[in-house]
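Because the structure is predicted, anything quoted here is derived from the model rather than measured. Just so it is clear: chains get the letters A, B, ... in the order the sequence lines come, proteins before strands, and each one is counted from 1. Just the heavy atoms: all of them, side chains too, but no hydrogens, waters or symmetry mates, feed the values below.
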Protein chains: 4
Amino acid sequence: MIKKQLRELKEIVYMANMELYDRGLVIHTFGNVSGIDRDQGIIAIKPSGVDYSELSPENIVLVTLDGEIVESELNPSTDTPTHIELYRAFPEIGGVVHTHSRYATSWAQANKTVPCFGTTHADYFFGEIPCTRLLTEEEIRENYEANTGKLIAETFRENSIDYGKMRAVLVGGHGPFTWGKDPEEAVFLSSVLEEVSYTAYMSLLINPELQPIPRFLLEKHYLRKHGVHAYYGQRRKRRHKQNPN
Amino acid sequence: MIKKQLRELKEIVYMANMELYDRGLVIHTFGNVSGIDRDQGIIAIKPSGVDYSELSPENIVLVTLDGEIVESELNPSTDTPTHIELYRAFPEIGGVVHTHSRYATSWAQANKTVPCFGTTHADYFFGEIPCTRLLTEEEIRENYEANTGKLIAETFRENSIDYGKMRAVLVGGHGPFTWGKDPEEAVFLSSVLEEVSYTAYMSLLINPELQPIPRFLLEKHYLRKHGVHAYYGQRRKRRHKQNPN
Amino acid sequence: MIKKQLRELKEIVYMANMELYDRGLVIHTFGNVSGIDRDQGIIAIKPSGVDYSELSPENIVLVTLDGEIVESELNPSTDTPTHIELYRAFPEIGGVVHTHSRYATSWAQANKTVPCFGTTHADYFFGEIPCTRLLTEEEIRENYEANTGKLIAETFRENSIDYGKMRAVLVGGHGPFTWGKDPEEAVFLSSVLEEVSYTAYMSLLINPELQPIPRFLLEKHYLRKHGVHAYYGQRRKRRHKQNPN
Amino acid sequence: MIKKQLRELKEIVYMANMELYDRGLVIHTFGNVSGIDRDQGIIAIKPSGVDYSELSPENIVLVTLDGEIVESELNPSTDTPTHIELYRAFPEIGGVVHTHSRYATSWAQANKTVPCFGTTHADYFFGEIPCTRLLTEEEIRENYEANTGKLIAETFRENSIDYGKMRAVLVGGHGPFTWGKDPEEAVFLSSVLEEVSYTAYMSLLINPELQPIPRFLLEKHYLRKHGVHAYYGQRRKRRHKQNPN
């Protein structure tokens with residue numbers, strides 16, 4: 001029973017990694033997706049440096065929340081300690097994605113938050129996408145990857161950002177992380193973040209004086225899709241295809 | 001007979017939605033196409049939040065001009081009230097498209113009209129693409145989607161813009177809408193708007209002092225393709241393939 | 001015999017139009033290729049407004065150098081008078097291409113020549129790509145398309161530009177034309193122009209003070225590929241695949 | 001035995017050239033890959049001006065380190081003398097790539113080094129990507145291609161750059177060269193260089209005041225993947241698929 005759940009998790013994490021690749025959000029091996037089984041405290045994650053063409057559900061690596069490898073001959077992604085810190089700091093998330101996707105990475109490298117300039121952004125991210133400070137020399141020397149995760153958590157804590165409403169972050173000088181209730185949602189948000197990053201850039205070049213959209217427009221769009229008063233999609237009625245009567 | 005027309009309308013609207021997706025003008029579910037049967041006062045529109053991979057002529061939703069759903073188990077697009085307002089304000093249009101396409105959306109987010117910098121633009125849009133003001137807090141709180149449509153109509157009315165010659169608009173902080181005599185034409189114009197938005201941006205970055213093309217060049221190109229003196233295409237002679245003698 | 005040559009010309013022009021489309025240099029019907037049979041004074045050109053999906057060697061239109069249609073039920077491209085003027089002004093060319101390709105069009109709309117910033121440019125275009133002035137109101141009102149061709153010829157004459165070494169031009173506020181010894185070469189140069197237009201733009205944004213490459217580097221690269229001292233490719237030795245011994 | 005090694009080298013060089021094309025790093029014939037057999041002092045390189053569609057392992061040209069053609073009816077790439085100079089100056093490299101890829105070429109044309117703005121860059125290139133000065137008129141007139149290679153070597157020597165840690169260069173006003181332990185690695189680095197060039201450009205436009213990442217972050221990332229303390233990928237454990245026990 002427990003084994004079955006982990007097999008399913010590996011399958012889900014495999015599918016999410018492939019989706020990330022197929023959507024053009026990673027080239028070569030520049031990205032990874034993980035998912036967690038909260039009951040067992042086990043994370044499934046892409047192996048380090050393995051080409052997407054060689055990926056399979058079988059070579060997805062299982063690790064504990066302490067970073068111990070569970071029955072695998074492959075190393076997990078070098079970013080695993082970052083994923084672990086995020087699962088620890090954000091107890092309700094079920095999947096994490098890291099990419100070096102072109103547009104979000106450009107904002108991260110610029111050390112700039114992505115302002116909320118429009119409703120596409122507001123539909124999925126409640127406010128500007130935060131960008132962490134650079135890590136200090138000491139933080140980089142020791143436990144670099146774990147400290148990256150801790151820095152993300154610190155950024156959310158110190159700026160009172162709700163990780164449930166802001167499911168993306170840029171690590172300054174590095175690139176984006178996204179998360180969601182499962183790996184699939186985290187991949188979806190990586191894809192939206194990329195689109196939002198491009199249009200914010202282009203809007204800013206067209207209008208260098210541009211200000212973010214007003215709070216009430218942000219709230220309207222975000223809450224139209226999220227929370228108890230959401231009315232986007234088929235949630236309030238029957239689910240599409242599931243109840244055909 | 002009436003049923004047959006509505007079935008055909010659903011098929012046409014389905015095809016137009018798929019064309020929008022295939023041309024890369026939408027990712028995920030970020031867009032929708034509708035068409036209207038003016039005789040019956042019935043609009044066919046994409047269901048809300050349904051993936052393009054699951055779309056079919058059958059799950060296109062029919063609604064009345066009052067927004068009442070006609071025989072469907074799915075919710076129509078949340079943008080339906082905007083479409084309805086456009087069909088009401090612009091009595092001769094037969095199809096409406098809304099997207100968050102990358103380049104047009106960037107101009108909308110920048111709260112800038114797209115100047116007419118060249119003949120590609122002039123061939124299809126008679127002057128600068130208008131951009132609405134932002135909606136007020138009150139307009140957003142109540143009937144947001146309907147007010148979006150009303151704001152578009154107001155923008156055209158107050159600036160004396162002819163919706164027959166300017167079949168596109170940017171909603172400030174949001175994205176573009178286009179329309180035409182049928183859904184197919186509206187999709188075509190969305191595609192041209194996207195191209196025009198990119199080249200206007202690039203032209204402006206190359207030459208920040210750039211002014212729109214002169215009125216007489218605009219008129220020449222627009223009227224070469226539209227109106228009684230048009231001479232582009234095969235209209236003035238026999239239609240291609242229809243009369244092979 | 002003469003008929004056979006014209007049938008071959010239509011085939012060549014058809015192939016070149018499809019190549020233009022397949023390379024992404026046109027969307028919808030925004031472009032056209034022509035070729036000429038100099039002996040017979042007959043031009044083969046794309047029909048006006050016909051989709052690339054419906055194009056065939058058979059529906060390519062033949063016109064004389066006076067613009068008379070030779071045995072066709074379709075109108076030729078509305079740009080035909082421009083092509084005719086180019087064939088008249090530039091007696092050694094065999095093919096002409098017009099597009100609204102994204103990057104070259106952006107420079108044309110910006111009313112700017114494309115400076116020669118690098119060797120990719122110098123390999124194919126001997127100096128900056130010229131950009132014509134805008135046509136006057138009078139030139140647009142009467143014989144607009146023919147006057148576009150005359151303006152191109154005027155631009156080359158007045159600036160002493162050799163049409164054999166500069167096989168591209170931007171029409172201000174409009175878009176690019178290219179030409180070559182045959183339609184295929186003209187399409188090839190349209191493709192190179194597009195690449196050169198993008199990199200010139202990006203180079204300029206990276207370094208706004210940028211100056212063109214020195215004359216001696218321009219000459220080295222252009223003459224490495226063109227003229228009696230060319231040594232690029234397989235010309236000086238046996239032709240690839242043609243003489244396998 | 002020796003013949004067999006050269007046949008394998010031609011196959012490897014052919015594959016690397018096709019990979020370059022398939023990744024979109026070259027259009028038309030704008031690029032070439034070579035590889036070297038150090039024992040025999042023989043270089044295998046793409047023939048000049050041959051389309052990728054006609055390329056095969058058989059028509060890859062073999063030349064000596066003195067530039068003498070070994071049993072081939074085709075001319076080698078005109079850039080062969082540049083490749084030869086690089087193999088001479090950098091004795092441990094096994095493959096060289098030259099492209100006119102869009103983004104790296106734009107930086108080269110801008111005569112600017114690509115600053116290291118992020119960890120994607122730091123993962124593969126130890127510091128800013130150098131850009132050579134322009135060649136002098138004299139250097140261009142005589143032995144232009146060999147002098148290009150000598151200029152690269154001079155740039156590395158005079159700036160004390162280690163060609164083992166900086167496996168890419170921009171030739172001012174021209175385009176990029178990359179190298180590696182074999183042709184495949186050189187192609188991989190061309191692809192990463194292209195990505196890094198784009199994001200550096202976009203980061204700079206978002207934040208014109210942007211400074212390179214600190215030295216300790218550069219070192220952390222570069223050394224995480226290279227050298228004796230590397231811990232990225234599967235190197236420290238068993239190799240993926242090679243030792244399945």
For a 4.5 angstrom cut-off between non-hydrogen side-chain atoms, does D:His28 reach C:Ser191? yes
So which part of C:His121 gets closer than 4.5 Å to some heavy atom of chain D, the side chain, the backbone, both or neither? neither
Answer key: most heavy-atom pairs under 4.5 Å with chain C among D:Leu204, D:Leu135, D:Thr29 is D:Thr29
Between D:Ala110 and C:Ile206, which heavy-atom pair has the shortest distance, and what is it? CB-CG2, 3.8 Å
Proximity breakdown for C:Leu210 and chain D, heavy-atom pairs closer than 4.5 Å: side chain
Could you look at C:Ala122 and say if it's the side chain, the backbone, both or neither that has a heavy atom under 4.5 Å from chain D? neither
Any non-hydrogen side-chain atom of D:His174 less than 4.5 Å from a side-chain atom of C:His221? yes
Which of C:Thr199, C:Asn207, C:Leu205 passes side-chain contact (heavy atoms from CB on, under 4.5 Å) with D:Ser106? It is C:Thr199
Distance under 6.0 Å and angle within 45° of the ring axis: does C:Arg224 meet both against D:Tyr144? no
Go through the atoms of C:Leu217 and report whether side chain, backbone, both or neither lie under 4.5 Å from a heavy atom of chain D. both
So, the side chain of C:Ser203 versus the backbone of D:Gln109: is there a donor-acceptor pair under 3.5 Å, distance only? no
Beyond-backbone contact of C:Val192 with D:Phe30, side-chain heavy atoms, under 4.5 angstrom: yes
Honestly, the part of C:Arg215 sitting under 4.5 Å from a heavy atom of chain D is neither
Side chain / backbone / both / neither for C:Phe188 at chain D, heavy atoms under 4.5 Å: both
Taking the side chain as everything from C-beta on, heavy atoms only, tell me whether C:Asp123 gets closer than 4.5 Å to D:His100. yes
